[in-house]
Trainee: 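Got a structure for you, written out below as structure tokens; questions coming shortly.
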Amino acid sequence: MDIKAYIESGILELYVAGKLSETENEEIYQLLKQHPELLQEVVAIEKAVVKLTAAVSPRAKGFESIKARLEADDTKVVDLQPRTTSWISYTGWAAAILLAIGLFWTQRLNTGLEQELQTADMENQYLETQIEDAKSDLAATKNLLNVIRDKNIIAVPLGGQGNFASSFAKVYWNKADNTIYLDAEGLPDAPEGKVWQVWSLTLNPLTPTSLGTIDDFNTDDNKIFTIANVNESQAFGITLEPAGGSASPTMDQLYTLGVVNTES
């Protein structure tokens with residue numbers, strides 16, 4: 001049972017005010033015996049009510065004290081009967097207490113509704129963002145499909161090398177706009193402090209040219225990257241390099257390599 005939520009529900013105030021049914025009163029009575037925190041809260045509520053109603057209680061004790069002091073001075077005192085507080089006064093105060101409780105409860109409900117509306121608004125904004133992102137992703141996917149299906153695209157498979165035979169990647173080279181689309185799904189996440197670096201190669205003599213590092217590889221979902229390539233590439237390779245990249249490829253960290261098919 002969530003004690004805090006039960007206390008904040010306002011039902012204990014209604015219990016003290018006697019506004020619940022017999023069944024509800026019995027249920028709360030059983031809960032008070034089981035949960036000392038609830039009993040303590042009820043006692044606190046009752047003390048607050050008593051303190052409030054005490055402001056209109058008859059001052060009999062004070063009256064008797066004044067009378068005793070006057071009698072000690074042998075002064076004749078006309079014995080006045082204490083004025084009885086009418087039931088209407090008590091009813092008025094009880095109604096005021098119940099009204100205060102009602103206003104408190106209404107305010108709590110309004111606050112809860114406002115919070116729910118704010119939460120719903122945030123959820124709607126989040127959903128709208130997701131929809132826009134989905135639309136953008138769909139447009140990007142359609143564009144990518146159109147690119148790789150273009151008859152003028154050169155597809156270059158990159159196979160795993162040496163100790164990294166299980167690795168693979170694929171380059172889609174659009175020579176018309178000097179762009180390659182790298183599908184690097186077959187590479188593992190780069191370790192901390194390392195980064196994947198893509199190379200354009202000419203083979204005779206072997207000359208590597210860096211096409212840059214893939215800094216967001218680990219956080220990218222589809223592992224497809226668009227890279228500018230103005231080189232007359234004869235092959236493509238991917239190495240694992242220290243963060244920031246290297247001036248030349250680390251050959252013992254060459255994960256994938258693929259030669260451009262000149263007959264295509």
Trainee: Applying the 4.5 Å side-chain criterion to the ILVMFWY set and letting contacts propagate, would I7 and V16 be lumped into a single cluster?
Mentor: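 Result: yes, single cluster for both.
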
Trainee: Identify the two heavy atoms, one from V260 and one from A235, that lie closest to each other, and give their separation to 0.1 Å.
Mentor: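 So the two residues come closest at CG2-N, 3.9 Å.
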
Trainee: Shortest non-hydrogen contact from A169 to I238?
Mentor: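 Closest pair (atom of A169, atom of I238, distance): CB-CD1, 4.0 Å.
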
Trainee: Tell me if a side-chain donor or acceptor on Q234 pairs with a main-chain N or O of E232 at a distance below 3.5 Å.
Mentor: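 Such a contact is absent between Q234 side chain and E232 backbone.
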
Trainee: Can you see which heavy atom on W199 is nearest to which on P208, and at what distance?
Mentor: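 Result for this residue pair: CE3-CB, 4.0 Å.
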
Trainee: Can you check side-chain contact (heavy atoms from CB on, under 4.5 Å) on L187 and W196, steps first, answer last?
Mentor: CA-CA 9 Å; L187 294 176; W196 293 113; 4.1 Å; yes

Trainee: Using a strict threshold of under 4.0 Å (side-chain N to carboxylate O), is an ion pair present between D216 and K223?
Mentor: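 Not counted as a salt bridge, because no side-chain N and carboxylate O are separated by less than 4.0 Å.
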
Trainee: Check each of L158, V171, I224 against D183 using the side-chain contact (heavy atoms from CB on, under 4.5 Å) test, and report the only one that passes.
Mentor: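 Option passing the side-chain contact (heavy atoms from CB on, under 4.5 Å) with D183: I224.
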
Trainee: Check whether any side-chain heavy atom of Y6 sits under 4.5 Å from a side-chain heavy atom of L12, and report yes or no.
Mentor: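 In short, these two side chains touch, coming nearer than 4.5 Å.
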
Trainee: Nearest 0.5 Å, please: how far is CG in L14 from CG in L20?
Mentor: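 Nearest 0.5 Å value for the CG-CG distance: 5.5 Å.
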
Trainee: Which heavy atom in F225 sits nearest to a heavy atom in A184, and how many Å separate them?
Mentor: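 That would be CE1-CB, 4.3 Å.
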
Trainee: Just how far is it from atom NZ of K175 to atom CG of N231, taken to the nearest 0.5 Å?
Mentor: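 K175 atom NZ to N231 atom CG measures 11.0 Å (nearest 0.5 Å).
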
Trainee: Decide if atom CD of Q40 counts as having more than 12 heavy atoms of other residues, nucleotides or ligands within a radius under 6.0 Å.
Mentor: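 No, not enclosed.
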
Trainee: Show your reasoning for whether side-chain contact (heavy atoms from CB on, under 4.5 Å) applies to T179 and N229.
Mentor: CA-CA 5 Å; T179 302; N229 178 37; over 6 Å; no

Trainee: Would you please say whether a donor-acceptor pair under 3.5 Å links the side chains of D215 and T213?
Mentor: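 Their side chains do contain a donor-acceptor pair, which is all the 3.5 Å distance test asks for.
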
Trainee: How close do A155 and K170 get, heavy atom to heavy atom, and via which atoms?
Mentor: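 Residues A155 and K170, closest heavy atoms: CB-CE, 4.0 Å.
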
Trainee: State whether a side-chain donor-acceptor pair under 3.5 Å links S21 with E24.
Mentor: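 Present: a donor and an acceptor within the cut-off.
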
Trainee: Step through it carefully: locate the ring centre of Y29, locate the ring centre of Y15, and say whether they are under 6.0 Å apart.
Mentor: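 Between Y15 and Y29, which both carry aromatic rings, the centre distance is not below 6.0 Å.
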
Trainee: When you group the ILVMFWY residues by side-chain heavy-atom contacts below 4.5 Å and let the links chain together, are V156 and I214 in the same group?
Mentor: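 Same cluster.
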
Trainee: Mind checking whether F236 and W173 have parallel, tilted or perpendicular rings, split at 30° and 60°?
Mentor: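 Judged by the thresholds at 30° and 60°, the geometry between F236 and W173 is perpendicular.
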
Trainee: Between atom CG of N25 and atom OG1 of T23, what is the distance when rounded to the nearest 0.5 Å?
Mentor: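 With rounding to 0.5 Å, CG (N25) is 8.5 Å from OG1 (T23).
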
Trainee: Does any non-hydrogen side-chain atom of V259 lie less than 4.5 Å from one of L203?
Mentor: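 A side-chain contact under 4.5 Å exists here.
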
Trainee: Quick one, Y255 with F168, criterion ring-ring contact (aromatic ring centres under 6.0 Å, His included). Give me CA distance, side-chain angles, the key distance, then yes/no.
Mentor: CA-CA 8 Å; Y255 271 67; F168 62 92; over 10 Å; no

Trainee: Is it the case that atom CD in E192 sees more than 12 heavy atoms from other parts of the structure closer than 6.0 Å?
Mentor: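 At most 12 heavy atoms, drawn from other residues, nucleotides or ligands, come within 6.0 Å of this atom.
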
Trainee: May I ask you to check whether E26 and Q30 show a side-chain donor-acceptor distance below 3.5 Å?
Mentor: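 Yes - a donor-acceptor pair under 3.5 Å links their side chains.
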
Trainee: Give a yes or no answer on whether the side chain of E241 reaches the backbone of T250 with a donor-acceptor pair at less than 3.5 Å.
Mentor: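 Checking the backbone N and O of T250 against the side chain of E241, a donor-acceptor pair under 3.5 Å is found.
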
Trainee: Scan side-chain atoms only and decide if T239 and Q253 contain a donor-acceptor pair under the 3.5 Å cut-off.
Mentor: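 Judged by distance alone, the side chains do not pair up.
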
Trainee: Please check if the side chain of Q197 supplies one atom and the backbone of S246 the other of a donor-acceptor pair under 3.5 Å.
Mentor: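 Yes: the side chain of Q197 pairs with the backbone of S246.
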
Trainee: Assess whether side-chain contact (heavy atoms from CB on, under 4.5 Å) is satisfied between L240 and L254, documenting all intermediate values.
Mentor: CA-CA 7 Å; L240 186 64; L254 178 64; over 6 Å; no

Trainee: Check whether any side-chain heavy atom of L201 sits under 4.5 Å from a side-chain heavy atom of T207, and report yes or no.
Mentor: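 In short, these two side chains do not touch, never coming nearer than 4.5 Å.
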
Trainee: May I ask you to check whether over 12 heavy atoms, not counting those of K33, lie within 6.0 Å of atom NZ?
Mentor: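 For K33, atom NZ is crowded (more than 12 foreign heavy atoms under 6.0 Å).
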
Trainee: Going from CD1 on I227 to CD1 on I180, what distance comes out if it is rounded to the nearest 0.5 angstrom?
Mentor: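 Reported value, rounded in 0.5 Å steps: 4.5 Å.
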
Trainee: Donor-acceptor pair, distance only, cut-off 3.5 Å: does the side chain of S166 make one with the backbone of F164?
Mentor: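 No, S166 side chain to F164 backbone: no donor-acceptor pair under 3.5 Å.
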
Trainee: Taking all heavy atoms of A190 and all of K194, pick out the closest pair and write down the distance.
Mentor: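 Heavy atoms only, the tightest pair is CB-O, 3.7 Å.
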
Trainee: As a quick check of understanding, evaluate side-chain contact (heavy atoms from CB on, under 4.5 Å) for L38 and I3, giving each step before the final call.
Mentor: CA-CA 7 Å; L38 295 182; I3 299 297; 4.0 Å; yes

